[in-house]
Protein chains: 2
Amino acid sequence: MTDSLALAEHVKKRINLTDTEVNELLSCFKLMKVRKRQFIIQPGFIAHHKNYVLKGAFRAYVVDDTGQDHTIQVSIEDWWISDYNSYLYQKPATMFVEALEDSIILQIHYNDEARLKQDHHNFETFFRIMAERSMAHMQRRIITNLTKNAEERYQEFEALYPEIVQRIPQYALASYLGMSTEYLSRLRNRRTKKT
Amino acid sequence: MTDSLALAEHVKKRINLTDTEVNELLSCFKLMKVRKRQFIIQPGFIAHHKNYVLKGAFRAYVVDDTGQDHTIQVSIEDWWISDYNSYLYQKPATMFVEALEDSIILQIHYNDEARLKQDHHNFETFFRIMAERSMAHMQRRIITNLTKNAEERYQEFEALYPEIVQRIPQYALASYLGMSTEYLSRLRNRRTKKT
DNA sequence: CCGATTTCCTGATCCAGTTCATTGGAAACG
DNA sequence: CGTTTCCAATGAACTGGATCAGGAAATCGG
């Protein structure tokens with residue numbers, strides 16, 4: 001339970017909570033250990049949980065008709081991850097969510113989240129803020145993808161999330177940025193040679 | 001005020017409202033007429049409003065360093081539009097939001113929305129649902145952009161929003177789909193000839 | 001109703017980024 | 001600790017879609 005304090009802090013940054021509320025919140029989450037390469041969500045199965053990463057790293061990706069991976073989201077400590085289209089509408093997932101390292105997560109079930117939101121204006125606010133920020137974040141990504149070329153997208157990502165660039169495998173980053181691994185490799189070497 | 005009933009219906013589809021609440025909601029919105037080609041949001045200015053389209057059509061777009069347009073969102077009747085990154089964080093906008101036709105909108109001010117959310121658990125829920133769905137929608141768009149090629153993106157859009165395809169100029173659609181107008185024109189003619 | 005401005009179409013050329021193939025090194029694994 | 005599997009690097013050939021240029025049709029304001 002001491003681990004869960006990170007989650008409590010995370011929530012407290014966004015809304016005010018009494019001690020009772022902290023307890024009620026934490027009682028809804030289940031701790032789970034996940035080994036590298038293990039899936040917590042798979043296509044065809046409904047994503048019943050939203051997952052808060054306590055330790056480790058994950059990526060969510062889809063596989064297209066030609067068999068290619070496309071990374072939709074990457075999450076490290078203090079981030080959330082799920083297949084939101086599956087979770088939100090409680091329909092079968094289209095994504096894989098896979099641990100990139102041995103990890104520890106806190107899971108909340110869809111029904112428990114719904115109950116929290118219904119019972120407390122407070123928590124409704126918290127999840128509203130989360131959704132708004134995710135939306136704004138995704139919109140920025142759409143803009144980046146439309147306006148920038150491969151090199152600029154890599155540079156932007158590197159500037160915004162240097163820790164993640166170090167930490168996740170290159171194929172995951174390339175497929176997040178929407179380019180082939182070969183091309184990303186070239187971009188990286190171009191830069192380091194100049195320096 | 002009779003016009004505003006469309007908005008009331010829109011909200012009632014998502015949450016339950018008493019008559020008093022309907023009135024309180026509608027009193028926060030201002031009716032505005034906008035002529036074709038007029039901007040309701042411009043880069044550099046803070047987007048103070050979320051806009052509900054009663055009649056007409058809008059597009060939100062950014063202009064990149066090379067002077068090219070990129071359409072981020074298109075909205076017709078019963079949809080919302082704004083520069084959400086500007087609105088949410090109350091920072092200067094990066095987008096233009098422009099009327100594609102003579103239009104009528106209902107505007108809510110950031111502060112009024114905040115007050116509504118704070119005073120009523122109800123309205124907090126409504127805006128949470130809106131944000132969640134926008135987020136899910138944007139994620140689907142990210143997936144489409146990563147996994148599909150130009151022709152497939154056009155086909156998908158045509159299948160999902162046939163009315164919009166008919167209604168907005170081709171350059172707006174092309175820049176939404178992330179391709180040149182020339183290429184979109186080619187795709188369209190390819191199809192109609194085959195049929 | 002007409003001239004002007006937008007919008008749409010078509011062909012020729014070009015390039016950013018892909019694909020395919022190969023290699024070497026580093027983890028993972030019994 | 002040898003072997004297998006994964007991952008990054010690099011070279012060569014190829015292509016989806018952009019760009020540029022020209023003109024034809026719609027649409028609009030007056």
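From a predicted model like this one, the values you see are computed outputs, not experimental measurements. In the text below, chain A, chain B and the rest are named by the order of the sequence lines, each starting its count at 1.
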> Tell me whether the side-chain N or O atoms of B/R186 pair up with the base of C/dG11 as donor and acceptor below 3.5 Å, since no angle test is needed here.
yes
> Specify the separation, in whole Å, of atom CG of A/N149 and atom C1' of C/dG17.
10 Å
> Check the distance between D/dC20's C1' and B/Q68's CD and give it to me in whole angstrom.
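Computing the B/Q68:CD to D/dC20:C1' distance gives 13 Å.
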> Indicate, with yes or no, if B/I40 and B/L31 share a hydrophobic cluster defined by side-chain heavy-atom contacts under 4.5 Å among Ile, Leu, Val, Met, Phe, Trp and Tyr.
no
> Would you mind checking if B/R128 and B/E132 are paired as a salt bridge, meaning a charged N to carboxylate O distance below 4.0 Å?
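Counted as a salt bridge, because a side-chain N and a carboxylate O are separated by less than 4.0 Å.
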> If the cut-off is 4.0 Å, is A/K36 near the phosphate of C/dA27, judged by side-chain N/O to OP1 or OP2?
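Result: no.
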> What about B/E182: does its side chain form a donor-acceptor pair under 3.5 Å with the base of C/dC9?
no
> Does a side-chain N or O of B/Q170 approach OP1 or OP2 of C/dT6 to a distance below 4.0 Å, or not?
no
> Considering only NZ, NE, NH1 and NH2 on the basic side and carboxylate oxygens on the acidic side, decide whether B/K36 and B/E101 come within less than 4.0 Å.
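So B/K36 does not pair with B/E101 through a salt bridge.
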> So, is B/Y171 close to the C/dT7 phosphate, meaning a side-chain N or O under 4.0 Å from OP1 or OP2?
yes
> Hey, which of these two, B/L184 or A/R37, hits DNA chain D nearer its 5' end, going by closest nucleotide?
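So the residue in question is A/R37.
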> Below 30° counts as parallel, above 60° as perpendicular, anything between as tilted: where do the rings of B/F96 and B/F39 land?
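B/F96 and B/F39: tilted rings.
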